[in-house]
There are 2 protein chains.
Amino acid sequence: MDRRILLLGLLRMQEMHGYQLNDFIDRRLDFVTDLKKPTAYYILDKLCKDGYVREATEQAGNRPERKVYYITPEGEECFQTLLRQNLATFEQAYYADDLGLVFMHSLAPQEVRTALEKKVVQIKREIAQLEELPAHNGPNDPVRLVLKHKIAHLQVDLEWINSLSRMLADRETWDDEPTNGTIDECLQVGDISNYQVKEFVQSYTRNK
Amino acid sequence: MDRRILLLGLLRMQEMHGYQLNDFIDRRLDFVTDLKKPTAYYILDKLCKDGYVREATEQAGNRPERKVYYITPEGEECFQTLLRQNLATFEQAYYADDLGLVFMHSLAPQEVRTALEKKVVQIKREIAQLEELPAHNGPNDPVRLVLKHKIAHLQVDLEWINSLSRMLADRETWDDEPTNGTIDECLQVGDISNYQVKEFVQSYTRNK
DNA sequence: GATGGTATAATCAAACTTGACTAGTCAGGC
DNA sequence: GCCTGACTAGTCAAGTTTGATTATACCATC
């Protein structure tokens with residue numbers, strides 16, 4: 001996830017100092033990325049070293065001095081390359097929330113269900129907030145398009161959790177599931193290492 | 001994204017050595033997480049230090065010795081806490097692919113379209129691969145449920161890109177868009193810092 | 001004119017992540 | 001009997017990320 005594209009893309013529009021960049025990302029691009037301030041400064045430094053960005057110190061009023069970042073021609077070229085690459089290749093996304101669900105069977109079905117209810121509330125709130133975000137430049141504002149993408153994902157999340165909830169609703173235990181410890185089953189059946197299988201087979205034949 | 005839950009959850013089912021853990025994650029949980037080997041070992045070490053996991057060295061055949069990890073009662077408790085928390089709270093997901101689209105206007109519409117076509121091919125291939133994954137334990141195998149979740153997201157991605165493509169199809173330039181540089185517009189209109197606004201107002205009034 | 005709160009601007013140490021590497025084992029071909 | 005390639009098992013240095021902190025400026029109000 002190359003976040004240089006974000007910084008270069010913004011500096012391309014307008015030279016900025018670090019605070020300004022971070023402030024803009026926090027306020028407007030909050031839902032696209034989780035780039036934190038120190039990381040942004042780190043990446044800016046790297047961009048400077050690579051010659052993609054130039055920095056100049058500036059004094060405004062009697063404020064402490066600050067660094068203003070400008071994109072260079074090489075930076076512009078780098079941005080174009082990164083952008084083409086970003087548009088043309090699919091990058092996997094991972095969902096931290098799904099990690100827990102893999103181990104759902106460790107808790108009683110009803111407890112899973114009540115926990116998921118809480119998550120649902122938060123997702124709904126999130127969707128509502130995203131839908132309220134102002135449109136700056138008509139319906140084809142790219143930021144707005146990305147926003148719609150995100151909302152669509154969240155709606156899938158809601159539907160998915162709801163269907164899961166229905167499955168859990170009339171269930172007190174996991175007893176009727178084919179395997180109680182699914183992962184366990186996998187491990188024991190299909191996922192012993194080649195080496196261990198062979199070792200086992202050998203010891204088995206020897207004992208015969 | 002607390003990946004301890006993953007390691008504890010697996011060790012809970014069966015004690016394992018590091019290679020076994022990593023191998024299982026690589027083969028079966030590949031689509032849920034991108035946990036890499038050295039990170040897994042790092043986290044295992046930390047879990048040991050915190051007393052959630054115990055390690056013992058073991059010798060199998062005349063293989064080099066290896067460390068076997070067992071979950072402790074404290075580890076089990078930690079796992080339960082993490083799991084409850086994971087199920088009950090919504091964790092934001094971010095899409096690296098959306099980062100580029102924010103800057104779509106930097107490239108000609110037709111170029112954006114052809115780039116996105118390539119991404120579409122990759123997403124379709126990814127969906128096909130995920131759909132082929134074997135079902136181990138009936139339709140309610142949690143891993144399978146998570147898989148479905150992921151596929152649903154990918155299908156949303158496809159639809160979304162397609163609708164974007166249709167918008168791009170009959171367009172040679174961005175000229176008819178309300179603003180050429182959307183971000184720029186945002187920056188200049190609404191996103192100057194409080195301090196800068198005040199500074200500007202002050203200098204303006206002084207000059208009067 | 002002291003005080004507390006927010007905004008501005010950035011840095012640092014500590015934690016986390018990863019690509020590249022080490023080092024031994026085993027099976028099969030020649 | 002030796003070589004190659006794949007498997008087993010893990011480590012390390014270098015790179016990345018972040019929570020906490022520093023430090024000054026401005027403003028309200030007491």
Side-chain angles (χ1 to χ4, degrees), chain A residues 1-7 15-27 33-50 53 55-69 92 94 96 191-203, chain B residues 1-7 15-27 33-50 53 55-69 92 94 96 191-203:
Chain A
M1 179 171 8
D2 201 328
R3 280 115 139 227
R4 285 180 302 172
I5 205 172
L6 179 59
L7 298 179
E15 80 269 9
M16 284 190 264
H17 54 268
Y19 188 85
Q20 214 174 352
L21 264 169
N22 283 303
D23 199 51
F24 184 75
I25 292 169
D26 276 1
R27 292 204 234 172
T33 184
D34 59 345
L35 188 69
K36 308 267 192 320
K37 262 187 296 183
T39 311
Y41 282 111
Y42 173 79
I43 297 176
L44 283 171
D45 274 0
K46 217 174 33 140
L47 287 171
C48 280
K49 268 187 225 151
D50 294 343
V53 155
E55 66 177 32
T57 53
E58 183 203 75
Q59 189 96 33
N62 56 346
R63 288 247 151 216
E65 64 172 23
R66 62 193 178 189
K67 286 178 205 148
V68 184
Y69 300 90
Q92 286 284 355
Y94 297 98
D191 285 81
I192 301 172
S193 66
N194 282 348
Y195 169 61
Q196 290 186 330
V197 171
K198 284 165 203 158
E199 206 174 48
F200 174 76
V201 171
Q202 273 165 23
S203 77
Chain B
M1 179 171 7
D2 201 329
R3 281 115 138 228
R4 286 181 302 173
I5 205 172
L6 179 59
L7 298 178
E15 78 271 9
M16 282 190 267
H17 55 268
Y19 187 85
Q20 214 174 354
L21 265 169
N22 282 301
D23 198 50
F24 184 76
I25 292 170
D26 276 0
R27 292 204 234 172
T33 184
D34 58 346
L35 188 68
K36 308 266 193 321
K37 256 188 307 176
T39 312
Y41 282 111
Y42 175 79
I43 298 176
L44 282 171
D45 273 1
K46 215 175 34 140
L47 287 171
C48 279
K49 268 188 223 147
D50 294 343
V53 155
E55 66 178 30
T57 52
E58 183 202 73
Q59 189 94 34
N62 56 346
R63 288 240 148 223
E65 65 173 21
R66 62 195 179 188
K67 287 177 204 151
V68 182
Y69 299 91
Q92 286 283 356
Y94 298 98
D191 285 80
I192 301 172
S193 66
N194 282 348
Y195 169 60
Q196 290 186 328
V197 171
K198 283 165 202 157
E199 206 174 47
F200 174 77
V201 170
Q202 273 166 24
S203 75

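- Within 4.0 Å (heavy atoms only), B:K37 reaches at least one base atom of the nucleic acid.
- Rounded to whole Å, the distance from OH on A:Y69 to C1' on C:dA10 is 9 Å.
- Residues B:L7 and B:V53 form no side-chain contact, since every pair of their non-hydrogen atoms from C-beta on lies 4.5 Å or further apart.
- Not one side-chain nitrogen or oxygen of B:K36 sits closer than 4.0 Å to the OP1 or OP2 atom of C:dT17.
- In this model, the phosphate group of C:dT11 is approached by a side-chain N or O of A:K67 to a distance below 4.0 Å at OP1 or OP2.
- Atom-to-atom, OH of A:Y41 to C1' of C:dA10 comes out at 5 Å; the value is rounded to the nearest Å.
- Residue A:Y19 has no polar side-chain atom (N or O) positioned under 4.0 Å from OP1 or OP2 of C:dA10.
- At least one donor-acceptor pair closer than 3.5 Å links the side chain of B:N22 to the backbone N or O of B:G18.
- A salt bridge does not link B:D50 with B:K46: every distance from a Lys NZ or Arg NE/NH1/NH2 to an Asp or Glu carboxylate oxygen is 4.0 Å or more.
- Taking only side-chain nitrogens and oxygens, A:T39 comes nearer than 4.0 Å to OP1 or OP2 of D:dT18.
- Atoms NE2 (B:H17) and P (D:dT11) sit 13 Å apart, rounded to a whole Å.
- Rounded to a whole Å, the CZ atom of B:R4 is 13 Å from the C1' atom of C:dC16.
- Between B:L44 and B:L21 there is a side-chain heavy-atom pair separated by less than 4.5 Å.
- For the pair A:D23 CG and C:dA10 P, the interatomic distance rounds to 12 Å; values are reported in whole Å.
- For A:R66, the side-chain atoms get nearest to C:dT8 when compared with the rest of C:dC12, C:dT8, C:dC16.
- Contact annotation: B:Y42 reaches the phosphate of C:dC16 (side-chain N/O to OP1 or OP2, under 4.0 Å).
- Across the protein-nucleic acid pair, B:Y94 atom OH and D:dT17 atom P stand 14 Å apart, rounded to whole Å.
- In this structure, the CZ atom of B:R3 is 18 Å from the P atom of C:dA15, given to the nearest Å.
- In this structure, the CG atom of B:L21 is 12 Å from the P atom of D:dA9, given to the nearest Å.
- Looking at heavy atoms from C-beta onward, B:D34 lies in side-chain contact with B:R3 at the 4.5 angstrom threshold.
- Comparing A:G18 and B:I43 along DNA chain C, the residue whose closest nucleotide (by nearest heavy atom) sits nearer the 5' end is A:G18.
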